[in-house]
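A quick write-up on the structure given underneath.
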Amino acid sequence: MAEAFVEQRGRLVAVAHRMLGSRADAEDAVQEAWLRLARQDAASIDNLAGWLTTVVGRVCIDMLRSRKSRPEASYDDQLPELVVTEDNDGAPEEDVLLADSVGLALLVVLDTLRPAERLALVLHDMFAVPFEEIGQILGRSTDATKMLTSRARRKVRGTHRSIDERRQQRAVVDAFLTAARSGDFEGLLRVLDPEVTWRAHTARGVVVRLGATEVAGKVQHGIRAKVTARRVLVNDEPGIVAWSGKGKPLSVMACTVVDGRIVEILSVTDSERLAAMDLPGRPD
C-alpha cells in the first residue's frame, strides 16, 4: 500500500497545489490522505488512484472553506511573483509577454473561484478526471458538475481575452480608480462584484476582505491627499500602482475583472516587497 501511494504522490501533490495555491498546504493535504489510507482496509479499495483523488479533493475543499470562514486569518503569506509593466493600451497581440506571467495570472484568477468550482475545473481541465468522478467527490450529479465546471471555465477564460474584453477590463479599472480618487462609494459598488475578494499582503501579514461593501468601505476610508495612482499591467492584467507625494511606492494592486466587475483584488503594501519590484516610473 505504501509503495502504491508513493507512485501516486506526485500527481496528488500537483492536484492539491493547483487547488490550494500553496506547496506547503498541498503537502499537508496529501499527508492527510496518507493518514486516512493507513486507517483504511486495503481490500475495500477497488481503485486506489480514484480513492486517493477523492480524498485529496475533499480535504482541499475543507481547507478552502476553512479559509473563507476565517477571512481575517493570515492563512497564506506566499505571494506570487508580480510582474508590473506600463499599460500603453496596446492590443494584446502586440504585447511582449512571458509564459510565466500568463501562468501567474491564471493562478490569481483560480483563487477567485468558489471551492467547488475550483476543484471541478482543476480536476477536469487540468487532470482529465471524468465529470462523473468529480460529481461523486462533490456530492452532485454529472450534469450539475458539468455546469459547475463550465461556469468556472468562463471565469478564467481571461487568460485569452479578445481586444474588446481587454478594453472593457481597462475601463472597469479606470472607473474603480476614478471612484476611489473622489471617494464615490456608490461608484465603487458599481464596479465591484458583490462577492469580491481583496487579499492584501501587508508588512504584518495577509488580510482578506470579502464583499463589495467591505472592500468599498476600506478603499474609501484609505484615501489620502497627495497620492498619485496610475493604471498598469500586473501579470498582464489591469492593475494600479500608487505613490506618495514624495514619490515613494505605496501599493500595487492586481485586479481580476469578470463580466464587467472586479471579482478579485490582490494588493501589496509591504514596503520591502515593493522595493524589490521593478515598478514603472511615477507619472508627472
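A single hydrophobic cluster is not seen to contain both Leu119 and Phe131; linkage of ILVMFWY side chains at heavy-atom distances under 4.5 Å, directly or through other members, places them apart. Met147 and Leu121 fall into different hydrophobic clusters, defined by Ile, Leu, Val, Met, Phe, Trp and Tyr side-chain heavy atoms under 4.5 Å apart, directly or through other members.
The two residues Ala33 and Val56 come nearest to each other via the heavy atoms CB-CG2, 3.7 Å. The two residues Pro238 and Val173 come nearest to each other via the heavy atoms CB-CG2, 3.6 Å. For Ala49 against Arg11, the heavy-atom pair with the smallest separation is O-NH2, 3.3 Å. Between Val234 and Ala254, the shortest heavy-atom distance links the atoms CG1-CB, 3.7 Å. The two residues Val208 and Leu210 make their nearest non-hydrogen contact at CG1-CD2, 3.9 Å. The minimum heavy-atom distance linking Ala216 with Phe185 is given by the pair CB-CE1, 3.6 Å.
Counting heavy atoms of neighbouring residues, nucleotides and ligands inside a 6.0 Å radius, atom CD of Glu132 does not exceed 12 of them. Counted within 6.0 Å of CE on Met1, heavy atoms from surrounding residues, nucleotides or ligands total more than 12; the atom is thus considered enclosed.
Side chains of Val263 and Thr197 form no contact here, defined as non-hydrogen atoms less than 4.5 Å apart. Counting heavy atoms from C-beta outward, Val15 and Leu123 have side chains that approach closer than 4.5 Å. Looking at Val59 and Glu32, their side chains come closer than 4.5 Å, going by heavy atoms from C-beta outward. Taking 4.5 Å as the limit, some side-chain heavy atom of Leu35 sits within range of a side-chain heavy atom of Gln31. Taking the side chain as every heavy atom from C-beta outward, Trp198 and Val219 approach each other to under 4.5 Å. Within the 4.5 Å cutoff, no side-chain heavy atoms of Met63 are placed close to those of Pro115. Between Leu148 and Leu138, some side-chain heavy-atom pair lies under the 4.5 Å cut-off. The side-chain heavy atoms of Leu274 and Asp270, taken from C-beta on, include no pair separated by under 4.5 Å.
Taking the side chain to side chain donor-acceptor pair (under 3.5 Å) definition, one finds that Thr178 meets it with nothing, sequence neighbours left out. Among residues two or more places apart in sequence or in another chain, the side chain to side chain donor-acceptor pair (under 3.5 Å) test is passed with Asp125 by Arg153. Scored by the side chain to side chain contact (heavy atoms under 4.5 Å, CB included) test, Ala212 finds Leu189, Leu192, Val196 as partners (sequence neighbours excluded).
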Run Thr256 and Ile262 through side chain to side chain contact (heavy atoms under 4.5 Å, CB included) and show every step you take. CA-CA 6 Å; Thr256 301; Ile262 297 174; over 6 Å; no

Go through the steps to decide whether Met253 and Phe176 satisfy the test side chain to side chain contact (heavy atoms under 4.5 Å, CB included), and finish with yes or no. CA-CA 12 Å; Met253 302 178 72; Phe176 173 84; 4.2 Å; yes

For the pair Val206 and Arg199, evaluate side chain to side chain contact (heavy atoms under 4.5 Å, CB included) and give the outcome as yes or no after the intermediate values. CA-CA 7 Å; Val206 181; Arg199 185 168 62 184; 3.3 Å; yes

List the steps, then state whether side chain to side chain contact (heavy atoms under 4.5 Å, CB included) holds for Glu27 with Val13. CA-CA 6 Å; Glu27 296 280 359; Val13 170; 4.3 Å; yes

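Listed by first and then second residue, the ring pair (Phe, Tyr, Trp, His ring centres under 6.0 Å) pairs involving residues 28-59 are Phe5-Trp34 (not counting sequence neighbours). Counting only residues at least two apart or on different chains, the side-chain hydrogen bond (donor to acceptor under 3.5 Å, both in side chains) pairs with a member in residues 186-195 are Arg114-Glu195. Within the structure, the side-chain hydrogen bond (donor to acceptor under 3.5 Å, both in side chains) test picks out no pair touching residues 137-149 (sequence neighbours left out).
Here Thr202 contributes atom OG1 and Arg273 contributes atom CZ; the two are 8.5 Å apart, rounded to the nearest 0.5 Å. A distance of 11.5 Å separates CD in Gln168 from CZ in Arg261, rounded to the nearest 0.5 Å. Annotation: the span from Arg36 atom CZ to Leu52 atom CG amounts to 11.5 Å, rounded to 0.5 Å. Here the straight-line distance linking atom SG of Cys255 with atom CD1 of Ile265 works out to 5.0 Å at 0.5 Å rounding. If you take OG on Ser271 and NZ on Lys248, they are separated by 5.5 Å, rounding to the nearest 0.5 Å. One finds the CG atom of Leu177 at 14.5 Å from the CZ atom of Arg170 (value rounded to the nearest 0.5 Å).
In terms of modelled atom types and a separation under 3.5 Å, the side chain of Arg181 and the main chain of Ala229 share a donor-acceptor contact. The backbone N or O of Met19 lies less than 3.5 Å from a partner atom in the side chain of Arg118, making a donor-acceptor pair.
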